[in-house]
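Read through the structure below, which is laid out as structure tokens, and then see the notes.
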Amino acid sequence: MNAGDSRMLLTGNHAVAWGARLARPKVAPVYPITPQTPVLELLTEFQARGEFDAEIITVESEHSVMSACIPASLAGVRVFTATASQGLLLMHELLHYAAGARAPIVMANVNRTVASPWAFWPDQTDSVAQRDTGWIQFYVESAQEALDSVLQAYRVAEQVLLPAMISLDAFYVSHAMEPVAVPAQDLVDAYLPPYDPPHRLDPAHPEAWGNVVTQDMYYRHRQDAEQQMSRVPQLVAEADREWAARTGRSWGVVERYRCDDAANVIVTMGSMCGTARDAVDALRDAGEAVGLVKVRLFRPLPVAALRAALAGAGDVVVLDRNHSPGLGGVLHQEVRAALYGVDRAPRVHGLLAGVGGVNVPVQRIMAFVREARQSSPQPESIWVR
């Protein structure tokens with residue numbers, strides 16, 4: 001822990017709220033939804049105590065939340081919000097607007113099952129379903145990573161002028177308590193300077209936004225957004241290195257755990273990485289060369305980092321806590337695409353594990369790896385429990 005940190009026992013939700021407080025946003029539109037509500041509750045407590053100098057706007061829906069975030073960001077101030085599940089889906093139209101407006105909003109999303117049927121368990125389908133909206137997407141494993149990622153997300157989003165989403169699994173991360181190192185405000189201020197965009201809505205210097213454009217202008221607009229998105233993996237790595245130099249904590253773009261000599265590698269995102277890490281340790285204790293690749297940055301997909309991380313592996317087992325009907329596991333198919341054309345590419349096995357919040361214990365993950373060695377990979381994802 002850095003000397004300037006304060007050690008606190010926090011849930012993932014409260015760690016997100018602390019990250020938002022430290023980032024000094026000026027506007028925070030909010031609408032409560034389980035299991036994200038504690039983020040907003042703590043922010044309002046901070047504001048009531050004079051510790052959060054932001055305009056908290058309470059609106060009538062999540063659609064209205066993002067409708068308020070976009071003009072606030074275009075006016076040139078830092079903006080934060082949070083949502084979950086159906087709330088994120090209700091925002092879908094405006095997520096495209098935000099990315100197209102090049103508004104570097106940062107939003108925390110608590111991954112929860114989407115209806116119907118109605119449920120309240122951890123499932124990443126809500127956020128992976130937004131992968132084509134133009135938002136940077138991070139997936140975090142712990143409360144500490146959630147707090148740090150809010151700050152890193154602002155650092156990166158404001159360089160490329162694209163919005164960013166930090167996703168944390170419902171309950172496993174959002175409501176579980178753990179010791180969290182909360183950095184000092186002056187450390188964060190040195191790391192994250194005030195937001196000062198090159199363009200803003202200002203009556204003294206009129207500019208237009210949202211006007212109708214030609215086909216060619218739209219084409220060039222999308223091309224520029226893609227060029228900026230392509231910078232994100234490098235910028236995330238740089239932001240993480242500087243954060244590590246200031247705090248001693250590093251999360252990377254992808255994490256390789258015990259992969260140097262691994263014949264088999266597990267790939268997953270979010271809280272399941274913790275269980276997979278324990279499974280790797282147990283398999284290593286049994287003399288089996290197994291590693292873990294944790295995907296932290298999902299959009300843009302860090303293809304070069306994934307190829308490097310999985311180089312030399314024989315079998316890759318992708319665990320998806322999401323389900324795209326007709327496709328299967330989204331991460332499974334994205335890993336397959338990332339490895340397409342690679343010489344001596346590993347065999348990729350896709351497993352739908354943990355969909356709907358189903359528990360996936362260490363022993364089952366160990367069995368998945370052992371079964372993969374004995375089977376041929378299938379193009380479709382396989383349902384497992």
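Quick note: numbers below take in every heavy atom, side chains included, and nothing from hydrogens, waters or symmetry partners.
- Rounded to the nearest 0.5 angstrom, Y191 OH and R246 CZ are separated by 8.5 Å.
- A continuous path of hydrophobic side-chain contacts links V110 to L43 [ILVMFWY only; heavy atoms under 4.5 Å].
- Panel note: side chain S230, backbone Q227; a donor-acceptor pair is recorded below 3.5 Å.
- In this structure, E242 pairs ionically with R155, as a charged nitrogen and a carboxylate oxygen lie closer than 4.0 Å.
- Judged by distance alone, the side chains of Q152 and D148 never bring a donor and an acceptor atom under 3.5 Å apart.
- No donor-acceptor pair closer than 3.5 Å links the side chain of S64 to the backbone N or O of S67.
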- Decide salt bridge (Lys or Arg N to Asp or Glu O under 4.0 Å) for R200 and E207; before the verdict, give the C-alpha distance in whole Å, the side-chain angles of both, and the deciding distance to 0.1 Å. CA-CA 8 Å; R200 68 185 74 203; E207 294 187 13; over 6 Å; no

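- A cation-pi arrangement is absent between R21 and F52, since the terminal nitrogen or guanidinium carbon is not both under 6.0 Å from the aromatic centre and inside a 45° cone about the axis.
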- Checking salt bridge (Lys or Arg N to Asp or Glu O under 4.0 Å) for the pair R347/D315: CA distance, chi angles, key distance, verdict? CA-CA 5 Å; R347 307 191 317 163; D315 286 276; 2.8 Å; yes

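- For the side-chain contact (heavy atoms from CB on, under 4.5 Å) with L297, the qualifying choice from V156, I136, D240, V254 is I136, the only one to do so.
- When side chains are defined from C-beta on, I166 counts as touching V140, because their heavy atoms get closer than 4.5 Å.
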- Item | salt bridge (Lys or Arg N to Asp or Glu O under 4.0 Å) assessment of R249 paired with E145 | CA-CA 9 Å; R249 295 188 297 276; E145 188 178 359; over 6 Å; no

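- The hydrophobic cluster containing V30 does not contain V79, counting ILVMFWY residues as joined when their side-chain heavy atoms lie under 4.5 angstrom apart, directly or transitively.
- Side-chain contact between L310 and V335 is present, with at least one heavy-atom pair separated by less than 4.5 Å.
- Scanning all heavy atoms of the two residues, the minimum distance from P35 to N13 falls at O-ND2, 2.8 Å.
- The shortest distance between side-chain heavy atoms of L162 and M229 falls below 4.5 Å.
- In this structure, Y31 and V59 approach most closely via the heavy-atom pair CD1-O, 3.2 Å.
- Residues H221 and R102 approach most closely at NE2-CG, 4.4 Å, considering heavy atoms.
- Grouping the Ile, Leu, Val, Met, Phe, Trp and Tyr side chains by contacts below 4.5 angstrom, directly or via other members, places L42 with V150.
- Between the side chain of N322 and the backbone N or O of V330, at least one donor-acceptor pair lies under 3.5 Å.
- The pair R231-E226 does not count as a salt bridge, with every side-chain nitrogen at least 4.0 angstrom from each carboxylate oxygen.
- Between the CD atom in E380 and the NE2 atom in H332 there is a gap of 8.5 Å [rounded to 0.5 Å].
- Looking at R112, its side chain does come within 3.5 Å of a backbone N or O of T34 through a donor-acceptor pair.
- Taking the ring axis of Y139 as reference, the NZ or CZ atom of R296 does not stay both within 45° of it and closer than 6.0 Å to the ring centre.
- Side-chain contact between R256 and K294 is absent, with no heavy-atom pair separated by less than 4.5 Å.
- Checked for salt-bridge contact, R24 and D53 miss the test: no charged N lies under 4.0 Å from a carboxylate O.
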- Go through the steps for V318 and Q333 under the test side chain to side chain contact (heavy atoms under 4.5 Å, CB included), then give the verdict. CA-CA 9 Å; V318 183; Q333 300 300 342; over 6 Å; no

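- Tested against C69, the residues I57, L74, T81 include a single side-chain contact (heavy atoms from CB on, under 4.5 Å) partner, T81.
- Checking side-chain atoms of T125 against main-chain N and O of H323 turns up a donor-acceptor pair under 3.5 Å.
- Geometrically, R78 engages Y154 in a cation-pi contact defined by less than 6.0 Å to the ring centre and at most 45° from the axis.
- The heavy-atom pair separating D126 from A84 by the smallest distance is OD2-C, 4.2 Å.
- Counting only heavy atoms from C-beta outward, the side chains of L10 and M177 never approach each other to under 4.5 Å.
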- ring pair (Phe, Tyr, Trp, His ring centres under 6.0 Å) between H96 and W135, worked out: CA-CA 8 Å; H96 284 280; W135 284 61; over 10 Å; no

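- Distance alone, capped at 3.5 Å, is enough to place a donor-acceptor pair between the Q86 side chain and the A115 backbone.
- Classification of the F120-W118 ring pair by plane angle, with boundaries at 30° and 60°, yields perpendicular.
- In this structure, L339 and P346 have side chains that are in contact, with non-hydrogen atoms separated by less than 4.5 Å.
- We find the CG-CD distance between L235 and E158 to be 12.5 Å, quoted to the nearest 0.5 Å.
- A chain of hydrophobic side-chain contacts below 4.5 Å, direct or via other Ile, Leu, Val, Met, Phe, Trp or Tyr residues, connects L351 to M366.
- The local environment of CZ in R307 is crowded, with over 12 non-hydrogen atoms from other residues, nucleotides or ligands closer than 6.0 Å.
- When each of V317, L292, L331 is tested with V267 by the rule side-chain contact (heavy atoms from CB on, under 4.5 Å), just one qualifies, namely L331.
- At distances below 3.5 Å, not a single donor-acceptor pair connects side-chain atoms of S149 with backbone N or O atoms of A146.
- Below 30°, between 30° and 60°, or above 60°: for F46 and W18 the angle between ring planes is above 60°, a perpendicular geometry.
- Between L88 and S127, some side-chain heavy-atom pair lies under the 4.5 Å cut-off.
- In the hydrophobic cluster analysis, where Ile, Leu, Val, Met, Phe, Trp and Tyr join through side-chain heavy atoms closer than 4.5 angstrom, L283 is grouped apart from V265.
- E178 places a side-chain N or O within donor-acceptor distance of the main-chain N or O of A143, the cut-off being under 3.5 Å.
- Applying the 6.0 Å contact sphere to CZ of R373 captures more than 12 heavy atoms from other residues, nucleotides or ligands.
- Comment: D224 does not engage R220 in a salt bridge, judged by the lack of any side-chain N to carboxylate O separation of less than 4.0 angstrom.
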- Does the side chain to side chain contact (heavy atoms under 4.5 Å, CB included) test come out yes or no for L151 and L22, once each step is laid out? CA-CA 8 Å; L151 301 172; L22 290 164; 4.2 Å; yes

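- Without hydrogens or angle criteria, S381 side chain to G329 main chain gives a donor-acceptor distance under 3.5 Å.
- By the neighbour-count criterion of 12 heavy atoms within 6.0 Å, atom CZ of R344 is sparsely surrounded, having that number or fewer from other residues, nucleotides or ligands.
- Looking at heavy atoms from C-beta onward, Y257 lies in side-chain contact with D281 at the 4.5 angstrom threshold.
- Residues P183 and V188 approach most closely at CG-CG2, 3.8 Å, considering heavy atoms.
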- Give the intermediate values and the outcome of side chain to side chain contact (heavy atoms under 4.5 Å, CB included) for residues L147 and V16. CA-CA 5 Å; L147 187 156; V16 164; over 6 Å; no

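- Looking at E238 and Q234, their side chains do bring a donor and an acceptor atom within 3.5 Å of each other.
- A side-chain donor-acceptor contact under 3.5 Å links S271 and D169.
- Under the 3.5 Å distance criterion, the side-chain polar atoms of T11 are left unmatched by any main-chain donor or acceptor of A176.
- What you find for A353 and F368 is that their closest heavy atoms are CB-CE1, 4.2 Å.
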